[in-house]
Amino acid sequence: MDLFAEEQQIYDDAKNHTMDVHNGAVFEFEKYITLANDYGKLLKQLRRATRLADRTTLDLFETNQDLASKVHYDTLTGIYNRRYLDDSLGRIVKSLSRSNGMLSIMMVDIDFFKKYNDTYGHSAGDICLREVAEILSRSITREVDFVARYGGEEFIIVLPHTDEHGSHIMASRLLKNIIERGIPHEQNEVAGCITVSIGVTTVKVRYNHKVEHYVNHADKALYMSKQNGRNRYTFLKFTEPDE
């Protein structure tokens, strides 16, 4: 019998005995003592069950909070993932569009990363990805800026309220910080260490813009950096999408 059924049974027994006494039956003190003791034991069980339920509820809440936070992070590098990028960039664009605020987007790609994996192995490649992610993350200083892994060896950096001049400064800093870490890469055709190519675009956000407009421009700029020798950044002026 479950606890609530036991409680109901004790209540029914007490009620029935009260009705019997009311109808002339002899009051049985020992029976009431027994019912009281049974109810006391039941209350202790109910308190334990309530504490257990509260603890379980709290554990589930903490687990859900932990899962909610992890769903936005890349499991390999520990930085934000593509899902977080899509969600956050959408909100940022919507917010900045109200005031025609400035936004800069950078797409970063590790130069000759396939050759790196072929030379040092995929385990070393994973370590390299984590190191590059760390360098990129440490290179940004404002809370509103963030780095996300876009896929493979590509990363995206989002810089709200950053104009063209600011984006040039940041891109130069990234190139410098990456090459100064000196991660060996003997198959890199432009240096003896890991380098990156960067595509940059800056835009005054408008209500009719979409996230993919900015990402596509940054991607085109990245392609130009690769075509022009890698280990460099290219700034591509944003052109308004067709209405």
Side-chain angles (χ1 to χ4, degrees), residues 70-86 88-89 103-141 145-159 162 164 166-202 211-238:
K70 287 182 177 178
V71 77
H72 285 143
Y73 289 91
D74 177 60
T75 55
L76 175 62
T77 62
I79 63 173
Y80 290 121
N81 58 19
R82 179 73 173 271
R83 177 173 180 174
Y84 180 86
L85 171 69
D86 292 340
S88 296
L89 193 50
L103 173 67
S104 289
I105 301 289
M106 296 183 179
M107 184 167 282
V108 182
D109 182 83
I110 301 176
D111 294 328
F112 302 108
F113 187 67
K114 183 180 183 304
K115 290 185 177 181
Y116 187 92
N117 276 332
D118 292 343
T119 302
Y120 302 101
H122 288 280
S123 294
D126 289 346
I127 295 173
C128 177
L129 285 169
R130 285 194 287 268
E131 284 197 66
V132 170
E134 177 198 353
I135 297 167
L136 297 179
S137 297
R138 289 180 178 275
S139 297
I140 60 176
T141 56
D145 304 333
F146 69 88
V147 182
R149 188 180 180 195
Y150 191 65
E153 66 270 25
E154 288 188 328
F155 304 85
I156 282 187
I157 300 177
V158 179
L159 307 169
T162 301
E164 180 178 342
S167 70
H168 282 280
I169 293 175
M170 177 58 71
S172 297
R173 181 192 302 169
L174 294 177
L175 291 173
K176 177 175 177 292
N177 290 347
I178 289 290
I179 204 164
E180 283 186 349
R181 176 64 69 92
I183 304 171
H185 185 359
E186 62 187 39
Q187 296 300 320
N188 190 339
E189 297 175 15
V190 296
C193 61
I194 285 291
T195 59
V196 296
S197 297
I198 305 174
V200 186
T201 192
T202 298
V211 169
E212 54 263 32
H213 294 156
Y214 309 141
V215 175
N216 289 341
H217 267 72
D219 191 41
K220 290 177 182 177
L222 172 62
Y223 178 78
M224 294 168 66
S225 290
K226 292 180 178 181
Q227 291 295 104
N228 291 326
R230 305 178 191 254
N231 189 28
R232 68 189 64 232
Y233 76 87
T234 301
F235 181 88
L236 181 61
K237 183 177 178 59
F238 185 81

Proximity of Tyr73 and Tyr84 rings by center, below 6.0 Å: no

Residues Asp86 and Arg82 bridged, charged N to O under 4.0 Å: yes

Between CE on residue Met224 and NZ on residue Lys226, distance to nearest 0.5 Å: 13.5 Å

Nearest atoms (heavy-atom pairs only) where Gly229 meets Val190: O-CG1, 3.1 Å

Pairwise side-chain contact, Leu85 with Phe146, heavy-atom cut-off 4.5 Å (strictly under): yes

Test side chain to side chain donor-acceptor pair (under 3.5 Å) applied to Asn228 - qualifying residues, sequence neighbours left out: none

Exercise: identify the closest heavy-atom pair between Thr202 and Ser167: OG1-OG, 3.4 Å

Criterion side-chain contact (heavy atoms from CB on, under 4.5 Å) on Arg181 and Val132, from CA distance to verdict: CA-CA 9 Å; Arg181 176 64 69 92; Val132 170; over 6 Å; no

Ile178 CD1 to Ile135 CD1 distance, which is reported to the nearest 0.5 Å: 4.0 Å

Check against side-chain contact (heavy atoms from CB on, under 4.5 Å), Thr195 and Ile110: CA-CA 6 Å; Thr195 59; Ile110 301 176; over 6 Å; no

Leu76 vs Arg130 side-chain heavy atoms within contact, under 4.5 Å: yes

Salt bridge present between Glu189 and Lys115 (N-O < 4.0 angstrom): yes

Over all atoms of both residues, closest heavy-atom pair of Val108 and Val196: CG1-CB, 3.7 Å

Asn188 side chain to Cys193 backbone, donor-acceptor under 3.5 Å: yes

Asn81 side chain vs Val71 backbone, donor-acceptor pair below 3.5 Å: yes

4.5 Å side-chain heavy-atom contact, Leu129 and Arg149: yes

Minimal non-hydrogen separation, Ser139 against Arg173, with atom names: O-NH1, 2.8 Å

Note: Arg138-Glu134 ion pair, threshold 4.0 Å (strictly below): yes

Euclidean distance, Glu153 CD relative to Asn117 CG, rounded to 0.5 Å: 8.0 Å

N/O donor-acceptor pair under 3.5 Å between Ser225 side chain and Ile198 backbone: yes

Rounded distance [0.5 Å steps], CD1 in Ile105 versus CZ in Phe238: 10.0 Å

Between CE on residue Met170 and OG on residue Ser104, distance to nearest 0.5 Å: 9.5 Å

Phe235/His168 aromatic ring centres below 6.0 Å: yes

Residues Tyr116, Ile183; criterion side-chain contact (heavy atoms from CB on, under 4.5 Å); working and verdict: CA-CA 11 Å; Tyr116 187 92; Ile183 304 171; 4.0 Å; yes

Any side-chain heavy-atom pair of Val147 and Ile140 under 4.5 Å: yes

Ring center gap for Tyr80 and His72 short of 6.0 angstrom: no

Any donor-acceptor N or O pair under 3.5 Å, side chains Asp126, Ser123: no

Under 3.5 Å: donor-acceptor pair, side chain of Thr201, backbone of Leu236: yes

Where Cys128 and Phe113 come nearest, the two heavy atoms and their spacing: SG-CE1, 4.0 Å

Thr234 side, atom OG1; Gln227 side, atom CD - distance, nearest 0.5 Å: 10.5 Å

Residue among Val158, Ile156, Leu174 satisfying side-chain contact (heavy atoms from CB on, under 4.5 Å) with Met106: Leu174

Heavy atoms of other groups near Tyr120 OH, more than 12 under 6.0 Å: yes

Taking every non-hydrogen atom, the tightest pair across Ser172 and Tyr233: OG-CE2, 3.5 Å

Close side-chain approach of Asp109 to Phe155, heavy-atom, < 4.5 Å: no

Side-chain heavy-atom pair Ile194, Ile179 within 4.5 angstrom cut-off: no

Step-by-step side-chain contact (heavy atoms from CB on, under 4.5 Å) determination, Asn231 to Leu175: CA-CA 7 Å; Asn231 189 28; Leu175 291 173; 4.3 Å; yes

